[in-house]
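Numbers for residues simply follow the sequence, beginning at 1.
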Amino acid sequence: MYRAVTNDIEVQVEPFFLPDQSDPDEGRFVWAYQVTIVNHSNEKVQLLSRYWHITDGLGRTQEVRGAGVVGEQPELGPDESYRYTSGCPLPTTSGIMVGRYTMRSAGGVLFEIDIPAFSLDLPGADATVN
């Protein structure tokens, strides 16, 4: 599991390979990743948007931006958590994802929190990011 804490907001990510959705003969490798966001602060926060920087095994990059996550803009009170699962297809057998969420505090202040860099690797392969 990968973990980052920014402004008392913890983000944990656990990636896993989806062989049933992948097709190596067609150059399609699919991973899912489960994200858990935990609010360790003393005030309510809301996740407004996401940004992902995705690098495949050949060093090609893409950026993804959007409102919320999986169609939601969750609010988390103190000590509350939110969990979701999403996915990422790649044309290579490995890759790396890293990103950030834009949050809003109960007082209306916007701030960003880090999503830790994490490896997308085939089972049994050495991880690219520690």
- Apply side chain to side chain contact (heavy atoms under 4.5 Å, CB included) to Q73 and L47, showing your working. CA-CA 5 Å; Q73 292 182 312; L47 189 156; 5.7 Å; no
- With sequence neighbours excluded, residues passing side-chain hydrogen bond (donor to acceptor under 3.5 Å, both in side chains) with S22: none
- Message: Test: salt bridge (Lys or Arg N to Asp or Glu O under 4.0 Å). Region: residues 59-74. Which pairs qualify, not counting sequence neighbours?
- Response: D56-R60, E63-R65
- Task: Measure the spacing between CD1 of I115 and OH of Y2 and express it to the nearest 0.5 Å.
- Result: 14.5 Å
- Task: Return the set of residues passing side-chain contact (heavy atoms from CB on, under 4.5 Å) with D114 (not counting sequence neighbours), or none when no residue passes.
- Result: A4, T6
- So ring-ring contact (aromatic ring centres under 6.0 Å, His included) across residues 76-105, not counting sequence neighbours, yields none
- Message: How close do A117 and I96 get, counting heavy atoms only, and between which atoms?
- Response: CB-CG2, 4.4 Å
- Item | Pair listing, ring-ring contact (aromatic ring centres under 6.0 Å, His included) test, anchored in residues 39-75, at least two apart | Y33-W52, W52-F118
- Query: Out of curiosity, I54 CD1 to Q62 CD, how far, rounded to the nearest 0.5 Å?
  - Reply: 4.5 Å
- Task: Measure the CG-OG distance between L120 and S94 for me, rounded to the nearest 0.5 Å.
- Result: 8.5 Å
- Item | Results of side-chain hydrogen bond (donor to acceptor under 3.5 Å, both in side chains) for S41 - residues two or more places apart only | N39
- If you round to the nearest 0.5 Å, how far is OG1 of T93 from CZ of F29? 6.0 Å
- Task: Scan residues 91-105 for pairs that pass salt bridge (Lys or Arg N to Asp or Glu O under 4.0 Å), counting only residues two or more places apart or in two chains.
- Result: R100-E112
- Query: Is there side-chain contact between M103 and I113, with heavy atoms separated by less than 4.5 Å?
  - Reply: yes
- Query: Members other than F16 in its cluster, when Ile, Leu, Val, Met, Phe, Trp, Tyr link by side-chain heavy atoms under 4.5 Å?
  - Reply: L18, V30
- Message: Through direct or indirect side-chain contacts below 4.5 angstrom among Ile, Leu, Val, Met, Phe, Trp and Tyr, which residues connect to L110?
- Response: L48
- So the salt bridge (Lys or Arg N to Asp or Glu O under 4.0 Å) pairs with at least one residue in residues 17-44 (sequence neighbours excluded) are K44-E75
- Query: Do the non-hydrogen side-chain atoms of Q46 and P74 ever get within less than 4.5 Å of each other?
  - Reply: no
- Any donor and acceptor pair, going by atom type alone, linking the side chain of S105 with main-chain N or O of V109 inside 3.5 Å? yes
- Item | Short side-chain to backbone donor-acceptor contact, W31 and D121, under 3.5 Å | yes
- Item | Shortest non-hydrogen contact from G57 toward T92 | N-OG1, 2.8 Å
- Decide whether Q12 and E14 meet the rule of one side-chain donor and one side-chain acceptor closer than 3.5 Å. no
- Message: Running the 4.5 Å side-chain criterion over Ile, Leu, Val, Met, Phe, Trp and Tyr, what cluster does V5 land in, apart from itself?
- Response: none
- Query: What's the spacing between D79 CG and L76 CG if we round to 0.5 Å?
  - Reply: 10.5 Å
- In the hydrophobic cluster built from side-chain contacts under 4.5 Å, what are the other members alongside V38? none
- Query: So do V35 and V11 actually touch side chain to side chain, heavy atoms under 4.5 Å?
  - Reply: yes
